[in-house]
2 protein chains.
Amino acid sequence: MEKLLLHRRSLLRELETLGVRITAQRRALIEAIQTADGHLDATMLLEAARKRDTRINRATVYRTLELLKKLGLIDELDLMHMTGEKHFYEVRTTVDHLHLACVECGRIEEFTSPLFERLKTEISLRNQFEIRVIRLEVGGCCKTCSKQDHRAVALRAASHV
Amino acid sequence: MEKLLLHRRSLLRELETLGVRITAQRRALIEAIQTADGHLDATMLLEAARKRDTRINRATVYRTLELLKKLGLIDELDLMHMTGEKHFYEVRTTVDHLHLACVECGRIEEFTSPLFERLKTEISLRNQFEIRVIRLEVGGCCKTCSKQDHRAVALRAASHV
DNA sequence: GTATTTGCAAAAGCTTTGCTGCAAC
DNA sequence: GTTGCAGCAAAGCTTTTGCAAATAC
């Protein structure tokens with residue numbers, strides 16, 4: 001539910017404002033990130049970008065992601081390293097959000113909260129720390145999977161009677 | 001300041017309770033993590049463990065870290081990938097804490113907060129999500145470095161007069 | 001004696017880099 | 001014409017794995 005409320009800005013517009021050159025390859029990658037459904041890793045982004053511009057190379061993907069990261073336009077996620085050591089990317093949202101990763105089904109839920117905002121304020125004030133990036137990732141068991149676990153436990157118990 | 005209040009449990013005692021075999025190599029690694037000053041990566045841990053037991057191998061380090069992670073006794077950190085893609089490890093504390101990584105000087109500050117605890121409760125309740133691991137990492141500029149930045153800016157400004 | 005753990009070396013996975021040519025302003 | 005960007009392929013770094021020997025119970 002929260003996810004739908006997350007507002008992602010237009011990378012192309014931001015880059016234009018910043019005076020960054022937008023080549024055909026960069027455009028292809030940017031469109032891939034921007035229209036992605038969910039969180040993509042570098043390989044998935046390469047494939048998605050290739051559908052828009054077949055020339056784009058893996059190195060360009062990494063170099064462009066690095067650029068966007070430095071400009072604070074995208075965030076790099078680990079998603080609790082559930083599927084290896086690769087990174088996932090998403091367009092930065094106007095309001096920071098956190099990620100819940102279900103270790104059972106792999107689903108990622110996004111979440112915003114005024115408490116999170118207050119915590120950020122506390123961090124800045126109490127430590128006089130100027131926050132540039134913040135990443136809150138949670139690993140655990142989602143609603144659906146814990147229900148299924150309970151059902152499985154109940155079934156096992158029943159079959160032992 | 002907060003850091004001193006963080007209470008880290010004894011890995012050896014916990015492992016005994018769990019009935020996990022404690023070999024000489026595991027003991028060496030565990031002592032290395034437990035007495036580490038700061039956050040060590042796998043290579044640093046290997047070196048530290050070798051000082052206690054020269055036989056220990058890199059593979060054993062990774063395998064033991066994996067075991068301790070699965071048992072929820074240590075936490076794996078990325079520390080915002082400031083120095084490559086390696087991971088850092090620390091003994092889990094009784095109260096969860098977050099990490100502030102200064103992108104200028106590389107210093108890591110640890111931080112606990114009742115707000116963080118409340119946020120965790122909110123996550124669990126609102127999403128019915130059973131939290132197993134939580135990792136909050138912040139990248140930015142620490143107090144000391146931002147002061148130096150301001151001083152540098154002032155000096156530059158003065159020299160241009 | 002059986003099961004677990006280890007070392008070794010090789011492989012795997014993801015990301016970065018050097019270099020040359022190409023494209024943009 | 002100068003500067004920055006891209007492709008290619010190779011290297012880099014961290015982590016994982018297969019297997020035989022060693023160790024623990």
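Letters go in sequence order (proteins before strands), and every chain restarts at 1.
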Note to self: Can you pull out every side-chain hydrogen bond (donor to acceptor under 3.5 Å, both in side chains) where at least one residue sits in residues 11-30 of chain A? Sequence neighbours excluded, please.
What the structure shows: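 The answer is A:Arg9-A:Glu14.
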Next item on the list: Would you mind listing the cluster partners of A:Tyr62? Hydrophobic ones only (ILVMFWY), side-chain contacts under 4.5 Å, chaining allowed.
Entry: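 Other cluster members: none.
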Next item on the list: Share the residues that join B:Leu125 in a hydrophobic cluster, the rule being Ile, Leu, Val, Met, Phe, Trp or Tyr side chains under 4.5 Å apart at the heavy-atom level.
Entry: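 Taking Ile, Leu, Val, Met, Phe, Trp and Tyr as members, B:Leu125 stands alone, with no cluster partners.
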For atom [atom1] of [X] and atom [atom2] of [N], their distance in whole Å:
X: B:Leu29; N: C:dT5; atom1: CG; atom2: P; value: 14 Å
X: A:Leu18; N: D:dG4; atom1: CG; atom2: P; value: 17 Å
X: A:Arg55; N: C:dG21; atom1: CZ; atom2: P; value: 19 Å
X: A:Arg26; N: D:dC5; atom1: CZ; atom2: C1'; value: 7 Å
X: B:Glu47; N: D:dT14; atom1: CD; atom2: C1'; value: 15 Å
X: A:Ile22; N: D:dA6; atom1: CD1; atom2: P; value: 12 Å
X: A:Leu46; N: C:dG13; atom1: CG; atom2: C1'; value: 15 Å
X: B:Leu40; N: D:dT14; atom1: CG; atom2: C1'; value: 16 Å

Checklist line | Pairing residues for A:His97 by the ring pair (Phe, Tyr, Trp, His ring centres under 6.0 Å) criterion, not counting sequence neighbours | finding: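 Partners of A:His97 under the ring pair (Phe, Tyr, Trp, His ring centres under 6.0 Å) test: A:His99.
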Margin query: Just to be sure I understand the rule, does A:Arg58 reach a base, reach only the sugar-phosphate, or reach nothing, if contact means heavy atoms closer than 4.0 Å?
Written below: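 Touches a base.
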Margin query: Taking the basic N atoms (NZ, or NE/NH1/NH2) and the acidic carboxylate oxygens, is any pair closer than 4.0 Å for B:Lys69 and B:Glu66?
Written below: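 Looking at B:Lys69 and B:Glu66, the cut-off is met.
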Can I get a per-line list of side-chain donor-acceptor pairs under 3.5 Å for residues 40-48 of chain B, giving both atom names and the distance, sequence neighbours left out?
residue : atom : partner : partner atom : Å
B:Asp41 : OD1  : B:Thr43 : N            : 3.0
B:Asp41 : OD1  : B:Met44 : N            : 2.8
B:Thr43 : OG1  : B:Arg58 : NH1          : 3.3

Notebook entry, point to check: If an axis is fit to five pairs at each end of the helix from C:dG1-D:dC25 to C:dC25-D:dG1, what is the angle between the two, to the nearest 10°?
Noted result: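 The two end axes of the helix from C:dG1-D:dC25 to C:dC25-D:dG1 meet at 30°.
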Set of residues satisfying salt bridge (charged side-chain N to carboxylate O under 4.0 Å, His left out) with respect to [X], sequence neighbours excluded:
X: A:Glu85; answer: none
X: B:Glu122; answer: B:Arg126
X: A:Arg92; answer: A:Asp75
X: B:Arg55; answer: B:Asp53

Check: If only side-chain N and O atoms of B:Thr23 are considered, is one of them under 4.0 Å from the OP1 or OP2 phosphate oxygen of C:dT4?
Finding: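 The answer is no; no side-chain N or O of B:Thr23 sits under 4.0 Å from OP1 or OP2.
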Note to self: If you compare every side-chain N and O of B:Asn57 against the phosphate oxygens of C:dC8 (OP1, OP2), does one of them come in below 4.0 Å?
What the structure shows: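 Affirmative; the distance criterion is met.
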Next item on the list: Please examine the side chains of B:Asp78 and B:Phe88, heavy atoms only from C-beta on, and report whether any two atoms are closer than 4.5 Å.
Entry: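 They are not in contact (no side-chain heavy atoms under 4.5 Å apart), so the answer is no.
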Of the candidate nucleotides [options], which contains the atom at the shortest distance from the side chain of [X]?
X: B:Ile56; options: C:dT15, C:dG7, D:dT15; result: C:dG7
X: B:Arg21; options: D:dA24, D:dG7, C:dG7; result: D:dA24
X: B:Gln25; options: D:dT15, C:dT6, C:dA9; result: C:dT6

Check: Side chains of A:Ser113 and B:Arg118: donor-acceptor distance under 3.5 Å anywhere?
Finding: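 There is no such pair (donor and acceptor under 3.5 Å, judged by atom type) between the side chains of A:Ser113 and B:Arg118.
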Notebook entry, point to check: Is there a residue in residues 76-87 of chain A whose heavy atoms reach under 4.0 Å of DNA chain D, and which residues are they?
Noted result: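 Within this stretch, nothing sits under 4.0 Å of the strand.
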Check: What residues in residues 60-68 of chain B put a non-hydrogen atom under 4.0 Å from any atom of DNA chain D?
Finding: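 Within this stretch, B:Tyr62, B:Arg63 sit under 4.0 Å of the strand.
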